[in-house]
Protein chains: 2
Amino acid sequence: MVKITDVARHAGVSPSTVSYALSGKRPISAETRQRIEASIHTLGYRPHAGARALASSRSNVLALVVPFRTGMHVPVVMQFAVSVVTAARRHDHDVLLLTQEEGEEGLRRVADTALVDALIVMDVQLHDARLPLLRALDRPSVLIGFPAEPRGLTCIDLDFEAAGGACVRHLAELGHRCVALVGSPPEVYLRETGFAQRVTRGFTAAADERGLTSTVHPCEATQAAARDMAQRLLREHPGLTGLVVHNEPLVQPLIDAFRELGLRVPDDLSVVAICPDAQAEQAPLPVSNVAVPSAEIGAEAVELLMHKLEQLPVPESTLLPPRLTRRQTTAPRSASG
Amino acid sequence: MVKITDVARHAGVSPSTVSYALSGKRPISAETRQRIEASIHTLGYRPHAGARALASSRSNVLALVVPFRTGMHVPVVMQFAVSVVTAARRHDHDVLLLTQEEGEEGLRRVADTALVDALIVMDVQLHDARLPLLRALDRPSVLIGFPAEPRGLTCIDLDFEAAGGACVRHLAELGHRCVALVGSPPEVYLRETGFAQRVTRGFTAAADERGLTSTVHPCEATQAAARDMAQRLLREHPGLTGLVVHNEPLVQPLIDAFRELGLRVPDDLSVVAICPDAQAEQAPLPVSNVAVPSAEIGAEAVELLMHKLEQLPVPESTLLPPRLTRRQTTAPRSASG
DNA sequence: GACTGCTGTCGAATCGCTTCGACGGAGCAA
DNA sequence: TTGCTCCGTCGAAGCGATTCGACAGCAGTC
């Protein structure tokens, strides 16, 4: 293994000079720097991560805690993880993958052994058991999602409340007067994952504000449940012409189910989903949607963390504003509707 | 931060004794060990990961390289990653997440900086550009998937060839005489990802062996493509009664498309998929399938790596035998079929 | 009773890098 | 010329573990 002393000897300088040339923490003359860079290149030198971490007390590694089994949509999680890795690399950091299964002990372990410099925690619950720990840890963290009490933490997420409102307003502007929200499976509400409730709140508030009739329905993510839900909505709310879906795997099955029941989308029923753009675009009939911007959230979470690592102030809450794209599943309410 | 010398002082022993008590590399009397453990507990000691890595030249971290954009089914990748993390933790290792985007340079970086002890590489292509590097690296690696020339490497995957064969034999035993394979999107074949070709080979060989009529059709993973494919198969192969699907997102759309064309599953058409059990079970009509055992592959990949780290011999190839589960989409060929 | 062989522990060296203080020389002001 | 400041570089002291060789004490052997 080639080490910093080898480089130093080869370049005719001292090890500390090589170190400073690499880190830029002290001025080094252009000439010397070039000689050092040449030596590094010809010798193929790479600083030893452990030695560096020991000496500098920085590992340049971030922990990412991903949900294990949850109501969360898998592609969203994956997309998110990839964007975190990509963003971290831009800041010369790597990403250690932890599963939620490890729980608090896992967080404590990677933090206390100085294996990571900072943590990103996904799928935060309203009353998450890990909150006290995250507050107490000597390492900065960023949460994806909002707990009941975010003070003293750094949280980021899509503004789901505004997203729910945006969907309703879009429908209202198209003339719809009776709308329904089909949401996450019941256990997501029970687990208090926050975002489900926030969508509901925004949805209901906007509907009330515009004087629309509205109902909310949690729903399992299966085709059978979709079919039942479609029938039930038709039966219980005959005037329904606008539907908001916040349940990724259910978007297409619901649309299909309504079709089978004889409703045309968007002519008889307008559908707007809260889901990733990729999904909305690729549907057989592209779906009007509010984007769930996993990549943006991941990238921004890393930026926040980098600021915290540099002791710069960051906002406690970051709510990304919803972006609604009208595609082909929403249309003005027809005369017959 | 509490360090090993603090523990040593508290327990009235030398630091090296603490280290040996922790690692078990030399005998320590029961009494001393207990005193040390008590001190560790009361002081809340955790060994510094960097210091440990530097001294022992072992970081206890594995790298996992996941595909970025690919024909691979996202939930399979995720499932796989989670099982790798879980298995690694059982061996007191952590997992560093790399994206394929980083390419060879990324592998070289984490290996040469001694950030990781070993690597797991997913989505290996037949003529993967990373193979020479992986052969040359001073750190062991395990590949998920088989390149054209696996010699000198350690590879593991489902035995896709046997899986293709198993599907055909299952259909043959039910009396079917004309079968088709609907496979991955064309680009997966072009990218030479190996598993697509292997399924085809096993499928065709088994069909020939049993004297069945067989055809193979790559297919995009969209609903529209599924519909076209169903129509085309019906038109071109009127005698078709057995279908093998090796394309996760297409399984349900294909079944739906055939239904819409008036075919009953399994009465008129038997369908067997190569897909994760979870997907097969959760379908509206549970699908007969050969399991893609991501979790097993991930766990076994970690075991192989652990053996290699201990210098134990491991097989160059590990092919997991296919496991076919008959559910509700396959039935004996009907008289009319 | 001297010798051999364990068992259990210690001390010191070492891993490879960062960082702090020091210092020589150049540039500039008085 | 003297005295100050910077700039660029060096040397040495850590960072916090692991590991190797040494050694004391005790048991068993001839």
Side-chain angles (χ1 to χ4, degrees), chain A residues 1-37 39-40 43-61 92 109-117 138 309, chain B residues 1-37 39-40 43-61 92 109-117 138 309:
Chain A
M1 186 199 188
V2 30
K3 37 199 194 186
I4 201 169
T5 51
D6 301 327
V7 174
R9 195 173 327 117
H10 188 273
V13 297
S14 82
S16 51
T17 304
V18 176
S19 178
Y20 286 123
L22 242 36
S23 70
K25 293 191 179 174
R26 282 199 185 175
I28 298 290
S29 70
E31 187 210 357
T32 306
R33 190 201 314 288
Q34 278 171 18
R35 237 178 30 248
I36 291 174
E37 274 163 12
S39 300
I40 287 178
L43 298 181
Y45 166 71
R46 301 268 194 173
H48 186 287
R52 189 192 274 255
L54 177 55
S56 67
S57 48
R58 277 301 186 87
S59 67
N60 276 34
V61 174
D92 196 30
R109 179 172 57 80
V110 296
D112 288 353
T113 60
L115 185 49
V116 307
D117 295 334
D138 60 338
L309 282 171
Chain B
M1 188 200 187
V2 31
K3 40 200 189 187
I4 201 170
T5 51
D6 300 328
V7 175
R9 195 175 324 115
H10 188 273
V13 296
S14 82
S16 52
T17 303
V18 176
S19 177
Y20 286 122
L22 242 37
S23 70
K25 294 192 179 174
R26 283 198 184 174
I28 298 291
S29 70
E31 187 210 358
T32 307
R33 190 200 315 288
Q34 279 170 18
R35 236 179 31 248
I36 291 174
E37 275 163 12
S39 300
I40 288 177
L43 297 181
Y45 166 71
R46 302 268 194 174
H48 186 288
R52 187 191 274 253
L54 177 56
S56 67
S57 47
R58 276 301 184 85
S59 66
N60 277 31
V61 175
D92 195 29
R109 180 173 56 80
V110 295
D112 288 353
T113 59
L115 184 50
V116 307
D117 295 335
D138 60 339
L309 281 172

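Just so it is clear: chains get the letters A, B, ... in the order the sequence lines come, proteins before strands, and each one is counted from 1.
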Side chain to side chain, A/Asp112 and B/Met1, heavy atoms closer than 4.5 Å: no
Walking DNA chain D from its 5' end, the first of B/Gly50 and A/Ser16 to be reached, judged by nearest nucleotide, is A/Ser16
Under the 3.5 angstrom rule, does the side chain of A/Ser39 hit a backbone N or O of A/Arg35 as a donor-acceptor pair? yes
Rounded to whole Å, how long is the line connecting atom CD1 of A/Ile28 with atom P of C/dT18? 13 Å
Which part of the nucleic acid, if any, lies within contact of B/Ser19, taking any heavy atom under 4.0 Å across all strands shown: a base, the sugar-phosphate backbone alone, or nothing? base
So how far is it from B/Lys3 NZ to B/Arg9 CZ, rounded to the nearest 0.5 Å? 8.5 Å
Between B/Ser14 and B/Ala8, the two heavy atoms sitting closest are C-CB, 3.7 Å
What's B/Thr32 touching, base or sugar-phosphate or nothing? Going by heavy atoms closer than 4.0 Å. sugar-phosphate
Take the protein atom CG of A/Leu22 and the nucleotide atom C1' of C/dT18, then report the distance between them rounded to whole Å. 11 Å
Any base atoms under 4.0 Å from A/Pro27, or only sugar-phosphate, or nothing? Heavy atoms, all strands. base
Determine the contact category for A/Arg33: base if any of its heavy atoms lies under 4.0 Å from a base atom, sugar-phosphate if only primed atoms, P, OP1 or OP2 are that close, otherwise nothing. nothing
I want to check one thing: is the phosphate of C/dC10, taken as OP1 and OP2, less than 4.0 Å away from some side-chain N or O of B/Ser14? yes
Atom NE2 of B/His48 and atom P of C/dC15: how far apart are they, to the nearest Å? 19 Å
Whole-Å distance, B/Glu31 CD to C/dT7 P, equals 18 Å
Where does the chain A footprint on DNA chain D start and end, counting 5' to 3' with a 4.0 Å heavy-atom cut-off? D/dG8 to D/dG16
Rounded distance in Å - CE (A/Met1) to P (C/dC15): 12 Å
Quick one: side chains of residues 18-26 of chain B, donor-acceptor pairs under 3.5 Å with protein atoms, not counting sequence neighbours, listed by atom name and distance.
unit_1: B/Ser23; atom_1: OG; unit_2: B/Ser19; atom_2: O; d: 3.3
unit_1: B/Ser23; atom_1: OG; unit_2: B/Lys25; atom_2: N; d: 3.2

With a non-hydrogen cut-off below 4.0 angstrom, is B/Val13 in contact with a base, only sugar-phosphate, or nothing? sugar-phosphate
Touch class at under 4.0 angstrom, heavy-atom based, for A/Ser29 against every strand present: sugar-phosphate
Are side-chain heavy atoms of A/Tyr45 and A/Asp6 found at a separation under 4.5 Å? no
Measure the CD1-CD1 distance between A/Ile36 and A/Ile4 for me, rounded to the nearest 0.5 Å. 8.5 Å
Name the nucleic acid region contacted by A/Ser56, choosing base, sugar-phosphate or nothing; use a 4.0 angstrom heavy-atom cut-off, strictly under. sugar-phosphate
To the nearest angstrom, the OH-P distance between A/Tyr20 and C/dG16 comes to 20 Å
C/dG21 base / A/Arg26 side chain donor-acceptor hit below 3.5 Å: yes
